[in-house]
There are 2 protein chains.
Amino acid sequence: MPEDVELSSLAARRPTERADAARNRRLVLDAAAKLFAVHGVDGVSMDAVAREAGVGKGTVFRRFGDKSGLAVALLDDRERELQEGILSGPPPLGPGVPAAERITAFLDAYVDYLSGHLDVLRLSETAVPGARYRIGSYRFWHRHLAILIREADPGADADHLSHVLLAALSADLVHALRADGHDWERIRAGVLDLAARVLPPGRDARSPGSRPGCDA
Amino acid sequence: MPEDVELSSLAARRPTERADAARNRRLVLDAAAKLFAVHGVDGVSMDAVAREAGVGKGTVFRRFGDKSGLAVALLDDRERELQEGILSGPPPLGPGVPAAERITAFLDAYVDYLSGHLDVLRLSETAVPGARYRIGSYRFWHRHLAILIREADPGADADHLSHVLLAALSADLVHALRADGHDWERIRAGVLDLAARVLPPGRDARSPGSRPGCDA
DNA sequence: TCGATAATCGGACCGCAGTCCGGTTGATAT
DNA sequence: ATATCAACCGGACTGCGGTCCGATTATCGA
């Protein structure tokens, strides 16, 4: 099953980390979580995080690269949870059911993920232009979807189509939808309906390029 | 035809503008266009634009709000061109053909628009988080698509679905696709295929919620 | 032509993201 | 225990986006 091997290779971590480095990582992450909770994601500067953590600014940036990287690190645990559910959890999120079902399950789970961490996710995706597409987890979601779409409909441009499905889950878009009054169940229904339109059940294993035209 | 009235109301402009203000607007826009062409969108600071234009920094920001606003102003002409093609141009972009055809024509034209101004569009959409959804032109495209989708498939959540179609045309996404090796025709084909999957021809005027199931 | 008025102008100013490098400290081998 | 060295630390520094307000100037009525 080469799928799992490829996917899990996207989530490696360095083995050795000096004790002070590990301590400071925790200090910074805890400080960031605390400040975000109190002042909101937009009301916290990197200086403030460093000050609250009791470390220098340089430390924060060396560990996390930029503000987007700090947000990614904050999401790490929840993100791995979802990734493990995909790799080895029970179906339909994990393996064992037809691709179309797994796609639906993934999108459904991702909406939950979004709804629980919208602000930090948005920060991680928008702090720097293009950040979203460079983040390791995006690559993971994309690869997962692309594999499933290729299985569900070999005639599609799975690579492009999975980017597009993920675009519907962009934290910035969803934030705008929320601000426009869409509740979470409407967003969820919209995304699932989209998937159903794009990859209707029964499309599996058709000849490439053929689309169910309903006779003439 | 209330559609055109509503849409055109999104593109108003202030009537009176002082002579020096108008002169400086042109100076700034010309300077920005020149510097962007020479140094690339990312290599130009607002100070540099102001200096090149021979005006103060405050002037630039008061006229255009922020960097995203400057980009919007630079796109203004081309954007209005597309908007006028939609409102009163020849079909299939303009009125006069079934909604599904107009949707396809719009997406096709928008890919051309993207390909001609990707960098500046990306700047206008990503300079500030959420900028894309606040820009007047986005509201225009969204309203246009929503009206057409409502006509083509009354059972769909047209509001959400048009956001999603536009998400596939996000300048930041398309920039990432280009950086990943997708050529313009592949992107165009992907978007048009998406529209065909989401709103297949023959869906018009069906009963709400019914989807062509191709029998059992 | 000229004064009153309101809008515009522009550069000093602020806070923040991100960089840099000399000093410090934890890990390892002897 | 201690010497060695790589890795880490942290605060000063830079450049940029964005704000502010006193000076300036276009516009309009008389």
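Order of the sequence lines sets the chain letters (A, B, ...), proteins ahead of strands, with each chain counted from 1.
- Between D/dC9 and A/Asn24, a contact under 4.0 Å exists linking OP1 or OP2 to a side-chain N or O.
- For A/Asp30, the side chain to side chain donor-acceptor pair (under 3.5 Å) partners two or more places apart in sequence, or in a different chain, are A/Arg26.
- Ring geometry for A/His160 versus B/His182: interplanar angle of 30 to 60°, hence tilted.
- Counting to the nearest Å, the C1' atom of D/dC16 and the CG atom of B/Asp66 are 14 Å from each other.
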Please tabulate, one pair per line, each protein N/O and nucleotide N/O from nucleotides 20-26 of chain D that are separated by under 3.5 Å, including the distance.
from	atom 1	to	atom 2	distance (Å)
D/dA26	O4'	B/Arg18	NH2	3.4

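- Put simply, NZ on A/Lys67 is 12 Å from C1' on C/dG15, counting in whole angstrom units.
- If you measure from atom CZ of A/Arg23 to atom P of C/dT25, you get 11 Å, rounded to the nearest angstrom.
- Checked against side-chain contact (heavy atoms from CB on, under 4.5 Å), B/Val111 has the following partners two or more places apart in sequence or in another chain: B/Leu169, B/Trp184, B/Arg188.
- Between B/Pro129 and B/Arg134, the shortest heavy-atom contact is O-NH2, 2.8 Å.
- B/Arg63 places its CZ atom 13 Å from the P atom of C/dA7, with the value rounded to the nearest Å.
- Residue B/Val128 is classed as a sugar-phosphate contact, given heavy-atom separations below 4.0 Å to backbone atoms only.
- Across the protein-nucleic acid pair, A/Arg26 atom CZ and D/dC9 atom P stand 15 Å apart, rounded to whole Å.
- Under the 30°/60° scheme for interplanar angles, the aromatic rings of A/Trp141 and A/Phe106 are found to be tilted.
- The pair A/Asp172-B/Arg132 does not meet the salt-bridge criterion, since no charged nitrogen lies less than 4.0 angstrom from a carboxylate oxygen.
- Counting only residues at least two apart or on different chains, the ring pair (Phe, Tyr, Trp, His ring centres under 6.0 Å) pairs with a member in residues 112-131 of chain A are A/Tyr110-A/Tyr113, A/Tyr113-A/His117.
- Between A/Leu35 atom CG and C/dC16 atom P there is a gap of 12 Å when expressed in whole angstrom units.
- At whole-Å resolution of the value, CZ in A/Phe61 and P in D/dC13 are 18 Å apart.
- Only B/Val55, B/Gly56, listed by number, bring a heavy atom of residues 39-56 of chain B to less than 4.0 angstrom from any atom of DNA chain C.
- Spacing between atom CZ of A/Arg25 and atom C1' of D/dC9 amounts to 15 Å, rounded to whole angstrom units.
- Smallest separation of non-hydrogen atoms from A/Leu93 and A/Arg102: O-NH2, 3.2 Å.
- Residues forming a salt bridge (Lys or Arg N to Asp or Glu O under 4.0 Å) with B/Arg150 (at least two apart in sequence, or on another chain): none.
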